[in-house]
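To keep things clear, I will list the structure first and then write my remarks on it.
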Amino acid sequence: MDSGQNDYMQQEDDWDRDMLLDPAWEKQQRKTFTAWCNSHLRKAGTQIENIEEDFRDGLKLMLLLEVISGERLAKPERGKMRVHKISNVNKALDFIASKGVKLVSIGAEEIVDGNAKMTLGMIWTIILRFAIQDISVEETSAKEGLLLWCQRKTAPYKNVNIQNFHISWKDGLGFCALIHRHRPELIDYGKLRKDDPMTNLNTAFDVAEKYLDIPKMLDAEDIVGTARPDEKAIMTYVSSFYHAFSGAQKAETAANRICKVLAVNQENEQLMEDYEKLASDLLEWIRRTIPWLENRVPENTMQAMQQKLEDFRDYRRLHKPPKVQEKCQLEINFNTLQTKLRLSNRPAFMPSEGKMVSDISNAWGSLEGAEKGYEEWLLNEIRRLERLDHLAEKFRQKAAIHEAWTDGKEEMLQQKDYETASLSDIKALLKKHEAFESDLAAHQDRVEQIAAIAQELNELEYYDSPSVNARCQQICDQWDSLGVLTQKRSEALQRTEKLLETIDQLYLEFAKRAAPFNNWMEGAMEDLQDTFIVHTIEEIQGLSTAHEQFKATLPEADKERQAILGIHNEIAKIVQTYHVNMAGTNPYTTINSQEINAKWDKVRQLVPQRDQALIEEHARQQNNERLRRQFANQANVIGPWIQTKMQEIGRISIEMHGTLEDQLTHLRQYEKSIVNYKPKIDQLEGDHQLIQEALIFDNKHTNYTMEHIRVGWEQLLTTIARTINEIENQILTRDAKGISQDQMNEFRASFNHFDRDHSGRLGAEEFKACLISLGFDIGNDAQKKTGMMDAEDFRACLISMGYNMGEAEFSRIMSIVDPNRLGVVTFQAFIDFMSRETADTDTADQVMASFKVLAGDKNYILVDELRRELPPDQAEYCIARMTPYTGPDAVPGALDYMSFSTALYGESDL
């Protein structure tokens, strides 16, 4: 009664503030209120003509109150004097006040004096109390309940949108829709037009008066001609429709309850189907991707391996990130579905075998395991192929030089020229052979280098190793043959050495000095043309230093060349001076001055080319160093930024600042700022790509790799999304269970107090202590929760700071909050448990009772009854799932709504 009095005090205050009525509204109220009063007075065989005149003596006013309340008022005064009239009106006002209505600024004198505004205000107060107050629709009452009833009834009708009790009714379609909804045979709604309000209004008023016994309280002309019709007049008239059709309200309420339950079930089933499909697609993608990542079969060429690296880069940047989002969304959908199932008192969703969140996490872990090391393997293979190409080229160069040197050597060693040569020729041949042996010894290092390179190519599994081995074997065989032939020729010359008496010392000296110098020049040319691979500034500086040292030896080498050429010139001078009969060639060597000069010129030509190659490589290494620093500068900022954001998100998730909506808004703003940081990640990806294209394999300026940044970024996005989802689920739980903000803060404070490591989870013992701190008495046997503890219970609670809860009861609670038996309790599971302990939800019995209303108290329900009372899609949903009723009172087509109701809540199988 106190709440009703407060409502009416508010309504009467509204009336006092609106004392100056609009003339059009006053006219509408006069007609409407007069018609409403007459609709009740005619039951007593009377009526009024003028509302402010006919109530002045209080007699008809008291009669009106007796009719609408069904109670007898005090005996009225029959005198005609003013005092008698005031007494009667006061009796009526006292009766109104006795019904919990506080009349403000309305006195008996104003009514007796015929004050129109006061009289209308009094009648409106009576209408509110006896015609509108008791209206209740879906937990709303009075004006709000009446408006909601109108919205529900007119929702299926086009061009009808009831939002208030004034302009929403001007076109008349709202009145017609109310009549058609309950008595469709009275109005042909399809022929009505929104642009013809007069016809619509008159049709509704006439039909209501003729068939529904609702007097015509409004004029169509007044409603159409007024910009904003009077709200009180419209409410009074509409309330008559509500009372006329109130008989159908009970069935509608039952149908609404069933619709609500079925809608929740249908939505949950759709969410389950979506989860199954998304999980299947993600698992299939993982199944296809893992074999590709596990394939470690190397390619034979750099181009093929670099293509593999590019494919992996596309996988990490283009293909995997959407799947990361799908995995995160899958977990969010699963959590949201489980939350909705718990809130609607449904059993938890169990995905198909192999499609649990844990199964997907395990599959994802397998993917991560296969991915781990794949990029490192690719880079190692590229380095290996680069090394192999370098070694193969070096092998070909040295082999070609050696083969060019050995060309014709076997034929030379097999000559029998010493057999017919003169003594001087023999001595010349002997010296020549000594020079050849010296040259042969000098080439021993090159042969060993060729064999060593071939061995390294085999160890590194060079794809063309067979041809390398064949060529190396040919060189070694030829080298052995040269050794044997050299030994045989040496022995032959030594046998004839005693026959040799003269020897040209100058030729011999030329040969001895020319041979090593020639070998030095060949080695220099070989070194100057040798390819090199460096990865740092220091390495190229080392090569440059070695090259400068080589150039410093050139003056001494030039002196040696001049000395060797001086010997050749002296030989020519002696031959010319003494007219020695010689063939004109040095018998001890094949090297001549022209060859020495040509090779010397070649060395001088290769030196500046080597300078240019070193300068270009130095510039390339400087650019690589710039790329390293550019990447490091960004990575050293982004890496700590990601770590900081992760810590801040963790702090936000456990702190209690403002309402859950405030926290959600804060987190969404936080998420937006994180997403806006994505261009910096993309820029770092671009720098990382430049580094990989430049084949830079290390960076001493930073400890962050691109993979560290990628993983951190993905974890950051996943963490903020999960945190937002947890807050949304908390809001969903709070609103569904009616938990106040203070309760939510109390739950969060208790949870945080026992979450000592700030992990967002409680261990079993922490959870037990948290329940005790909130006043939960979990003993060795089941007890009724009375909200109080007796003296012994309170004493036991104080003693048990290390309180040993009963294992059976605590196991039951843990099976609720930790169904997967992980040994930890999340805050969302904690909130679900606390909300379940503190709030009520729909039950199978309530749904069963609603079906019984629709079935007319029968133990079964018919198809026609379902289609008549429920929306089409939900009616067909019930028909498809209800089993035939087999009770003793069954009739053909009877459906069992009882087993269907229990199945909705997991208490039986559909």
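In this chain, residues are counted from 1 in sequence order.
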Please indicate whether Gln163 has more than 12 foreign heavy atoms, meaning atoms of other residues, nucleotides or ligands, lying under 6.0 Å from its CD. yes
Aromatic rings Phe900 and Tyr877: how do their planes relate, parallel, tilted or perpendicular, breaks at 30° and 60°? perpendicular
Where do Ser899 and Asp896 land on the side-chain hydrogen bond (donor to acceptor under 3.5 Å, both in side chains) test, with the steps shown first? CA-CA 6 Å; Ser899 62; Asp896 187 354; 3.3 Å; yes
My understanding is that only residues two or more places apart in sequence, or in another chain, count here; which of them pass salt bridge (charged side-chain N to carboxylate O under 4.0 Å, His left out) with Glu284? Arg287, Arg288
One should read off an interatomic distance between Lys680 NZ and Gln634 CD, to the nearest 0.5 angstrom, of 8.0 Å
Is there side-chain contact between Arg317 and His688, with at least one heavy-atom pair below 4.5 Å? no
dist Met848:CE -> Lys852:NZ (nearest 0.5 Å) comes out at 10.0 Å
Which class fits the ring pair Phe349 and Phe334: parallel under 30°, tilted 30 to 60°, perpendicular over 60°? tilted
Step by step, work out the side chain to side chain contact (heavy atoms under 4.5 Å, CB included) result for Gln874 and Ile258. CA-CA 9 Å; Gln874 294 183 340; Ile258 294 173; over 6 Å; no
Find the distance between CZ (Phe851) and CD (Glu869) and round it off to the nearest 0.5 Å. 11.5 Å
Side chain to side chain contact (heavy atoms under 4.5 Å, CB included) with Ser352: which residues, sequence neighbours excluded? Glu276, Lys355
Could you walk me through whether Lys327 and Glu331 pass the salt bridge (charged side-chain N to carboxylate O under 4.0 Å, His left out) test, one step at a time? CA-CA 6 Å; Lys327 177 176 176 291; Glu331 295 174 356; 3.0 Å; yes
Can His708 and Asn703 be said to form a side chain to side chain contact (heavy atoms under 4.5 Å, CB included), step by step? CA-CA 9 Å; His708 291 153; Asn703 293 326; over 6 Å; no
Residue pairs involving residues 686-698 (criterion salt bridge (charged side-chain N to carboxylate O under 4.0 Å, His left out); sequence neighbours excluded): Arg628-Asp698
Main-chain N/O of Arg629 paired with Asn633 side-chain donor or acceptor, under 3.5 Å: yes
With a 4.5 Å cut-off on side-chain heavy atoms, are Lys340 and Arg346 touching? no
Rounded to the nearest 0.5 Å, what's the gap from CG on Asn676 to NZ on Lys672? Could you check? 6.5 Å
Are any non-hydrogen side-chain atoms of Cys878 and Leu262 less than 4.5 angstrom apart? yes
Could you point out which residue of Thr339, Leu341, Asn335, Asn333 forms a side chain to side chain contact (heavy atoms under 4.5 Å, CB included) with Leu337? Leu341
So, taking the atom named CG in Leu684 and the one named CD in Gln689, what distance separates them when rounded to the nearest 0.5 Å? 12.0 Å
Are the side chain of Asn636 and the backbone of His701 linked by a donor-acceptor contact shorter than 3.5 Å? yes
So do Val324 and Leu717 actually touch side chain to side chain, heavy atoms under 4.5 Å? no
Using side-chain heavy atoms (C-beta onward) and a distance below 4.5 Å, is Glu671 in contact with Ile674? no
Could you give the distance from CE (Met882) to CE (Met898), rounded to the nearest 0.5 Å? 11.0 Å
